[in-house]
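All of these numbers come straight from a predicted model, not from anything done at the bench.
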Amino acid sequence: MTRYVAFLRGINVGGVNLKMAEVAAAFEKAGFKNVRTILASGNVLLESRSGVDAVRKKAEKTLRDEFGYDAWVLAYDIDTVAGISDAYPFEREVVGHHSYVTFVTDKKVLDDLAELAKQAGPEEKIKRGKGVIYWQVPKTGTLDTTIGKTMGKKRYKSSTTTRNLRTLDKVLR
C-alpha cells in the first residue's frame, strides 16, 4: 500500500461545501484505506495499491458521484509532498507574510505561472519548483498580488491547487 495525499481543489469556497467526515466516508466506500482528512480545506490522506493517476481519477469520480460537483483532485505520494515541502526556497516563516505552494499538473500552466516571477512586486516572491510554484506574499494583500490575481482564472481550475506551507506541515505530521 502506498500512502497518498489527495488535495481537493475549490472546496468549502465558492459554494462547494463538503463535510470532511462525509468525504472520508465516501473515499472509504470507494475502496481507499486508512482515510483521514486534515483541516476543512480538502486535504485527504489515504492508502491505495493503485498508482497516483488511478488514485486521482478514482477520487474525482467519487466526489462527482457522491456530491454532484465538478471535482478536481491533485494526488501525490506522501514522500513527494515531503520533498516539495522540504525544498521550499524562501524563509518558511516571515512575520506578516503567507508562505504557499501551488501544485501544478499541467506543464504549460507551470511555465505560465513561473513567468509571473518577472512581474512580481517587491513584497512578492515566486519561484518554480519541480511541479510546483513556491510563493510568499504579504498577508494583507494575497489576492492583490501578481500570482493571487492570476490563480483565480478558470483555465487553472483543473490543474492547480494551492496550500499554505503550514497546512502542508499538518498534512505531513
Side-chain angles (χ1 to χ4, degrees), residues 2-18 20 23 26-27 30 32 37-46 48 50-90 98-120 124-137 142-165 167-168 171-172:
T2 301
R3 190 90 172 132
Y4 290 100
V5 180
F7 295 116
L8 286 53
R9 189 190 195 292
I11 65 146
N12 295 336
V13 294
V16 177
N17 297 307
L18 304 179
M20 290 299 98
V23 169
F27 278 18
F32 294 118
T37 61
I38 310 296
L39 305 172
S41 53
N43 310 291
V44 183
L45 291 166
L46 55 88
S48 176
S50 299
V52 70
D53 288 335
V55 167
R56 179 188 53 79
K57 288 176 185 171
K58 186 177 192 178
E60 287 177 345
K61 182 176 181 345
T62 298
L63 293 169
R64 288 174 180 154
D65 292 350
E66 290 288 323
F67 302 103
Y69 79 101
D70 196 17
W72 300 102
V73 175
L74 283 76
Y76 301 87
D77 67 75
I78 195 79
D79 292 336
T80 297
V81 175
I84 288 167
S85 177
D86 289 346
Y88 193 77
F90 312 122
H98 287 298
S99 299
Y100 292 111
V101 176
T102 297
F103 294 85
V104 185
T105 59
D106 180 307
K107 186 185 178 319
K108 172 84 170 97
V109 169
L110 184 63
D111 292 343
D112 291 349
L113 293 174
E115 282 293 311
L116 294 175
K118 296 175 184 174
Q119 303 168 31
E124 182 178 16
K125 295 179 182 178
I126 302 170
K127 185 165 183 180
R128 181 186 190 138
K130 186 175 180 182
V132 298
I133 296 294
Y134 297 108
W135 51 296
Q136 190 171 73
V137 295
T142 301
L143 296 177
D144 296 324
T145 62
T146 305
I147 205 158
K149 290 176 187 175
T150 304
M151 289 303 300
K153 294 179 181 174
K154 188 176 181 176
R155 70 180 287 236
Y156 301 111
K157 186 175 184 178
S158 66
S159 64
T160 67
T161 193
T162 299
R163 294 297 184 272
N164 188 295
L165 201 55
T167 298
L168 289 185
V171 166
L172 292 168

Worksheet entry | Polar side-chain atom of Tyr4 near backbone of Ser50 as donor-acceptor pair, under 3.5 Å | yes

Discussion item. Can you tell whether the side chains of Asp79 and Arg3 come within less than 4.0 Å, N to carboxylate O?
Written reply: no

Worksheet item: Would you say Thr62's side chain and Lys58's backbone share a donor-acceptor pair under 3.5 angstrom?
Response: yes

Worksheet item: Between Leu110 and Gly129, what is the shortest heavy-atom contact and its length?
Response: CD2-O, 4.4 Å

Discussion item. Within this structure, what is the CD-CD1 distance for the pair Glu115 and Ile126, rounded to the nearest 0.5 Å?
Written reply: 10.5 Å

Worksheet item: In terms of the angle between their ring planes, are Tyr134 and Tyr88 parallel, tilted or perpendicular, with boundaries placed at 30° and 60°?
Response: perpendicular

Practice prompt. Rounded to the nearest 0.5 Å, what's the gap from CG on Leu165 to CH2 on Trp135? Could you check?
Written response: 12.5 Å

Worksheet item: Do the side-chain N and O atoms of Thr146 and Glu124 include a donor-acceptor pair separated by under 3.5 angstrom?
Response: yes

Item to complete: Take Asp77 and Val52 through the side chain to side chain contact (heavy atoms under 4.5 Å, CB included) test and state the conclusion after the steps.
Response: CA-CA 7 Å; Asp77 67 75; Val52 70; over 6 Å; no

Practice prompt. Could you tell me whether Asp112 and Lys108 make a salt bridge, using a distance below 4.0 angstrom between a side-chain N and a carboxylate O?
Written response: yes

Practice prompt. With Val5 as reference, evaluate Val55, Leu45, Val44, Leu172 under the side-chain contact (heavy atoms from CB on, under 4.5 Å) test and give the passing residue.
Written response: Leu45

Worksheet, complete the sentence: In this structure, OH of Tyr76 is separated from CZ of Phe103 (nearest 0.5 Å) by 6.0 Å

Worksheet item: Hey, are Thr167 and Asn164 close enough side-chain-wise for a donor-acceptor pair under 3.5 Å?
Response: no

Discussion item. As a quick check of understanding, evaluate side chain to side chain contact (heavy atoms under 4.5 Å, CB included) for Thr102 and Tyr156, giving each step before the final call.
Written reply: CA-CA 11 Å; Thr102 297; Tyr156 301 111; over 6 Å; no

Worksheet entry | Arg64/Asp70 ion pair, N-O < 4.0 Å | yes

Response to the item:
Interatomic distance, CZ@Phe32 vs OG@Ser48, rounded to 0.5 Å, equals 5.5 Å

Practice prompt. Any chance you could measure Asn43, atom CG, to Leu168, atom CG, to the nearest 0.5 Å?
Written response: 8.0 Å

Worksheet entry | Donor-acceptor contact below 3.5 Å, side chain Arg9 vs main chain Thr160 | yes

Worksheet entry | His98 and Tyr100 aromatic ring geometry - parallel, tilted or perpendicular at 30°/60° bounds | tilted

Worksheet item: If you look at every heavy atom in Arg128 and Ile133, which pair is closest and at what distance?
Response: CA-CD1, 4.0 Å

Fill in: CG on Leu116 to OG1 on Thr150, rounded to 0.5 Å
4.5 Å

